[in-house]
Amino acid sequence: MIMNTLQRAILALCALTLAACAAQSTQSIENQDEIVVTGTRTDDSPRPPPPPPPPEQRVPPPDLAASSSSPAPVAVDPPAAAASPQAAQERFAGRRVSGLMGANGVPVAQLPPQPMPGPVDRDRYEDVAPNPIHVVAEAPVSTFSIDVDTASYSNVRRFLSNGQLPPRDSVRIEELINYFRYDYPLPTSREQPFSTSVAVAPSPWAEGRHLVHIGLQGYNIVPRERPPLNLTLLIDVSGSMAPENRLPLALKGFRMLAEQLNARDRVSIAVYAGAAGAVLEPTPGNEHARILAALDNLRAGGSTAGGEGLRLAYSLAEQNFNRNAVNRVIIATDGDFNVGINDPQALQDFVSRKRDTGVYLSVLGFGGGNYNDALMQRLAQNGNGNAAYIDTLNEARRVLRDEMASNLFSIANDVKIQVEFNPARVAEYRLIGYETRMLRREDFNNDAVDAGEIGAGHAVTAIYEITPVGGPTFTEPLRYQGERALPAPSTAGELAFLRIRYKLPGQDRSRLIERPITQADAFASIERAPEAARWATAVAGYGQLLRGDPYLRQTYGWDDVLSLAQGARGGDEFGWRAEFVQLARSAATAGALPAAQNAPRPEPPVLRSPRPVPEPRPAPGPGR
């Protein structure tokens with residue numbers, strides 16, 4: 001009898017233990033739901049209180065169970081009534097809130113699920129507005145430094161190849177135009193290292209206005225006559241340069257450059273990441289195996305101490321400085337300087353001081369997403385070098401092999417252009433591009449003011465848009481301005497007067513070239529203009545459409561660019577012009593970037609109706 005009673009007590013104890021475990025498991029599942037599931041109430045009724053905890057189960061002690069004549073009763077919850085949908089929803093919301101209570105009993109607020117951030121574009125460009133319209137009667141003289149950089153063209157190509165329109169500030173029209181070779185006549189003497197060409201033709205994007213096309217062509221250097229090179233390659237090997245289109249692409253380009261060096265040349269290699277270091281001391285250019293081995297051992301990793309790298313590179317260049325050689329530092333980077341000397345103004349001042357010692361700086365840009373175009377332009381301009389952006393292996397071949405002479409051997413320094421317009425013939429003008437290269441009028445004759453360089457065989461093009469007197473202008477005439485004296489009869493037929501200043505390499509005193517721009521330089525239509533003028537005009541239209549300039553008629557579009565370009569492709573030895581035509585087609589269908597970077601093209605300023613040309617006043621008669 002006692003044994004039976006003991007067995008029943010043990011069974012009852014086991015049943016109570018199982019029931020308690022089941023209750024704890026249910027509560028745990030509810031708590032998990034409260035953390036994972038989110039929801040909101042849809043009505044304004046007060047939330048129901050949280051469900052009460054399960055009733056405490058009491059287990060009788062063994063001695064009491066032994067004295068009992070029947071099994072201990074087990075408490076069983078009554079069956080729950082079927083809940084309505086609204087009650088179920090309220091219970092769902094109540095469970096969510098009850099699982100996230102604060103210490104004072106106030107529900108903790110929850111945020112809705114957030115999307116994962118996409119790639120962040122940290123490219124940096126200088127914010128520059130297009131050149132304005134100038135009234136000739138008020139400001140007849142325009143002065144600027146030439147620019148032979150090409151970085152903007154290949155950077156724009158990167159965006160268009162990805163189906164995007166480029167940011168407006170990345171489009172520098174002069175760099176788009178000067179990317180190409182032109183068939184300007186060659187100079188006849190090295191004493192005047194470049195020739196000048198001028199063509200005037202009606203504008204294809206603005207009725208009643210004309211384009212003044214100015215071209216300079218530098219003489220080329222025979223390879224056996226080129227001066228020796230003292231090059232220091234400064235290579236960014238920081239972590240941001242790891243992708244295939246950055247450090248690996250830069251090394252392929254430098255291999256092409258190394259293969260063109262000879263025994264007279266010297267090359268050094270310095271790298272920088274978290275710190276800077278020399279990986280190749282000055283080495284004869286014909287030791288190709290040693291140079292290539294040093295390049296092949298480079299790997300990316302770490303932060304970017306670009307300022308320290310520049311110091312080291314200039315130090316290596318100065319160790320092997322040769323007054324009769326081209327002494328140049330070539331930096332390959334994405335411009336993401338983030339440790340050490342990284343203030344743009346400090347870096348700019350540093351390379352400006354080193355420029356005066358005879359060591360110049362050229363910049364090769366790579367990558368995207370953190371590409372610091374603004375800094376690279378500053379460094380190249382103040383280092384008396386050029387800036388290129390390398391996005392493909394073909395571009396690396398173009399810059400470091402096909403165009404090596406143009407990019408490394410200067411034939412004229414501090415080249416400045418000044419144009420004086422004749423107010424009797426021209427009412428208004430604007431310079432297309434060169435916004436970052438504008439100079440003051442007095443800078444033209446000041447040989448201490450730095451300007452751009454022209455490399456061997458390089459062509460430079462500039463385009464002015466002018467409004468003839470009597471044509472549709474953007475400005476109203478001044479009411480109280482006195483009448484100006486008429487030009488002398490000898491200059492009455494001139495549209496403008498062109499002046500060019502330059503210095504021969506190694507010289508401190510500039511030389512001057514002058515010539516008038518007359519009706520003899522004019523063509524009746526853009527289709528009759530020379531091939532070089534037509535191609536440059538097509539590229540200028542392309543750039544203005546990309547940048548959203550306000551001076552184009554609203555009906556001018558990509559078809560107009562393509563039509564003019566197709567008729568001016570010429571020989572196209574390397575296929576660069578054929579590629580441009582494809583880029584223009586891509587631009588017509590490219591998806592725009594966010595509106596902050598690429599807003600719709602603004603409405604053009606209102607044109608004033610043409611005014612008749614005033615008759616010259618008769619000369620006073622005798623006795624008056």
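Side-chain N or O atoms of Ser203 include none that pairs as donor or acceptor with a backbone N or O of His210 at under 3.5 Å. Listed for the Asn422 side chain is a donor-acceptor partner under 3.5 Å among the backbone atoms of Glu494. Distance alone, capped at 3.5 Å, is enough to place a donor-acceptor pair between the Asp521 side chain and the Thr518 backbone. At least one donor-acceptor pair closer than 3.5 Å links the side chain of Ser406 to the backbone N or O of Ala456. Listed for the Asp123 side chain is a donor-acceptor partner under 3.5 Å among the backbone atoms of Gly369. Judged purely by atom type and a 3.5 angstrom limit, Glu435 uses its side chain to pair as donor or acceptor with the backbone of Asn131. With hydrogens and angles disregarded, a donor-acceptor distance shorter than 3.5 Å links the side chain of Thr392 to the backbone of Glu395. Using modelled atom types, one side-chain atom of Ser170 and one backbone atom of Pro167 make a donor-acceptor pair closer than 3.5 Å. The main-chain N or O of Tyr125 is never found under 3.5 Å from a side-chain atom of Asp373 such that the two would form a donor-acceptor pair. With hydrogens and angles ignored, the 3.5 Å screen pairs a side-chain donor or acceptor of Ser195 with a backbone N or O of Pro185.
Ionic pairing of Arg437 and Asp149 is present here: one or more N-O contacts between side-chain nitrogen and carboxylate oxygen are shorter than 4.0 angstrom. Contact check on Arg355 versus Asp450 returns a salt bridge, with a Lys/Arg side-chain nitrogen under 4.0 Å from an Asp/Glu carboxylate oxygen. Glu420 has no carboxylate O lying under 4.0 Å from a charged side-chain N of Arg441, or vice versa, which leaves the two without a salt bridge. No salt bridge links Arg209 with Glu428; every basic N to acidic carboxylate O contact stays at or beyond 4.0 Å. The existence of a salt bridge linking Arg511 and Glu191 is confirmed by a sub-4.0 Å separation between a basic side-chain nitrogen and an acidic carboxylate oxygen. Classification of Arg181 and Glu403 as a salt-bridged pair holds, one side-chain N sitting under 4.0 Å from a carboxylate O. Salt bridge status for Lys252 with Glu244: present, with a side-chain N to carboxylate O gap under 4.0 Å.
In the model, Ser510 has a side-chain atom that pairs as donor or acceptor with a side-chain atom of Asp447 under 3.5 Å. A donor-acceptor contact closer than 3.5 angstrom links the side chains of Asp334 and Ser240. For Arg515 and Thr196, the side-chain atoms include no donor-acceptor pair closer than 3.5 Å. Using modelled atom types, one finds no donor on one side chain facing an acceptor on the other under 3.5 Å when comparing Arg378 with Gln381. Under 3.5 Å, the side chains of Tyr360 and Ser410 contain no donor-acceptor pair of N or O atoms.
Considering CD1 of Ile513 and CD1 of Ile417, their distance stands at 10.0 Å, rounded to 0.5 Å. Considering CG of Leu495 and OH of Tyr464, their distance stands at 13.5 Å, rounded to 0.5 Å. Interatomic distance, Ile235 CD1 to Leu364 CG, rounded to the nearest 0.5 Å: 10.0 Å. A distance of 12.5 Å separates CG in Asn155 from CD1 in Ile390, rounded to the nearest 0.5 Å. Ile432 CD1 to Gln544 CD: the interatomic distance, rounded to the nearest 0.5 Å, is 4.5 Å. Atom CG in Asp572 sits 8.5 Å away from atom CZ in Phe180 (nearest 0.5 Å).
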**Asked** When you look at Glu175 and Thr150, which way does the side chain to side chain donor-acceptor pair (under 3.5 Å) test go after all the steps?
**Response** CA-CA 5 Å; Glu175 296 185 20; Thr150 60; over 6 Å; no
**Request:** Output, in order, the C-alpha distance, side-chain angles, deciding distance and verdict of side-chain contact (heavy atoms from CB on, under 4.5 Å) for Arg553 and Asp560.
**Result:** CA-CA 12 Å; Arg553 71 169 191 267; Asp560 300 289; 3.9 Å; yes
**Full working for side-chain contact (heavy atoms from CB on, under 4.5 Å) between Leu231 and Leu257** = CA-CA 11 Å; Leu231 297 180; Leu257 175 63; 4.1 Å; yes
**Prompt:** Can Thr436 and Gln377 be said to form a side-chain contact (heavy atoms from CB on, under 4.5 Å), step by step?
**Reply:** CA-CA 10 Å; Thr436 63; Gln377 288 292 313; 5.5 Å; no
**Message:** Using side chain to side chain donor-acceptor pair (under 3.5 Å), reason through Ser154 and Asp391 one step at a time and then give a plain yes or no.
**Reply:** CA-CA 7 Å; Ser154 47; Asp391 57 332; 4.7 Å; no
**Message:** side-chain contact (heavy atoms from CB on, under 4.5 Å) for Ser362 and Arg328? Distances and angles first, verdict last.
**Reply:** CA-CA 7 Å; Ser362 292; Arg328 189 177 294 265; 2.8 Å; yes
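Closest approach of Tyr556 and Pro204 over heavy atoms only: CD1-O, 3.7 Å. Minimum interatomic distance between Asn178 and Asp147 (heavy atoms only, all atoms of both residues): ND2-O, 2.8 Å. Nearest heavy atoms, Ala405 versus Asn220: CB-OD1, 4.5 Å. The shortest heavy-atom contact between Ile221 and Glu225 is CG2-C, 4.1 Å. The two residues Ile411 and Leu504 come nearest to each other via the heavy atoms O-CD2, 4.1 Å. In terms of heavy-atom proximity, Ile173 sits nearest to Ala540 at CG2-CA, 4.0 Å.
Cation-pi check for Arg577 over Tyr182 is met; the charged atom lies under 6.0 angstrom from the ring centroid and within 45 degrees of its normal. Cation-pi geometry between Arg569 and Trp576 is not met at under 6.0 angstrom from the ring centre and within 45 degrees of the axis.
Considering only heavy atoms from C-beta on, Tyr429 stays 4.5 Å or farther from Thr467 through its side chain. With contacts defined as side-chain heavy-atom distances shorter than 4.5 Å, the pair Leu186/Tyr219 does not qualify. For the pair Arg430 and His134, the minimum side-chain heavy-atom distance is 4.5 Å or more. Looking only at side-chain heavy atoms (C-beta outward), Leu562 and Arg585 come within less than 4.5 Å of each other. Glu174 is not listed as a side-chain neighbour of Ile146, based on a closest heavy-atom distance of 4.5 Å or more. With contacts defined as side-chain heavy-atom distances shorter than 4.5 Å, the pair Ser525/Arg528 qualifies. Taking 4.5 Å as the limit, some side-chain heavy atom of Thr537 sits within range of a side-chain heavy atom of Leu211. Using a 4.5 Å heavy-atom threshold, the side chains of Phe421 and Ile517 count as separate.
By the neighbour-count criterion of 12 heavy atoms within 6.0 Å, atom CG of Asp402 is densely surrounded, having more than that number from other residues, nucleotides or ligands.
For Phe194 and Tyr184, the distance between ring centers is not under 6.0 angstrom. Separation of the Trp205 and Tyr551 ring centroids does not fall under the 6.0 Å cut-off. Taking the ring centroids of Phe580 and Tyr179, they lie at or beyond the 6.0 Å cut-off.
When the options Tyr153, Tyr371, Phe366 are evaluated for a ring pair (Phe, Tyr, Trp, His ring centres under 6.0 Å) with Tyr389, the one that passes is Tyr371. Applying side chain to side chain donor-acceptor pair (under 3.5 Å) to Arg501 and the options Asp414, Asp443, Asn446, Asn445 leaves one that passes, Asn445.
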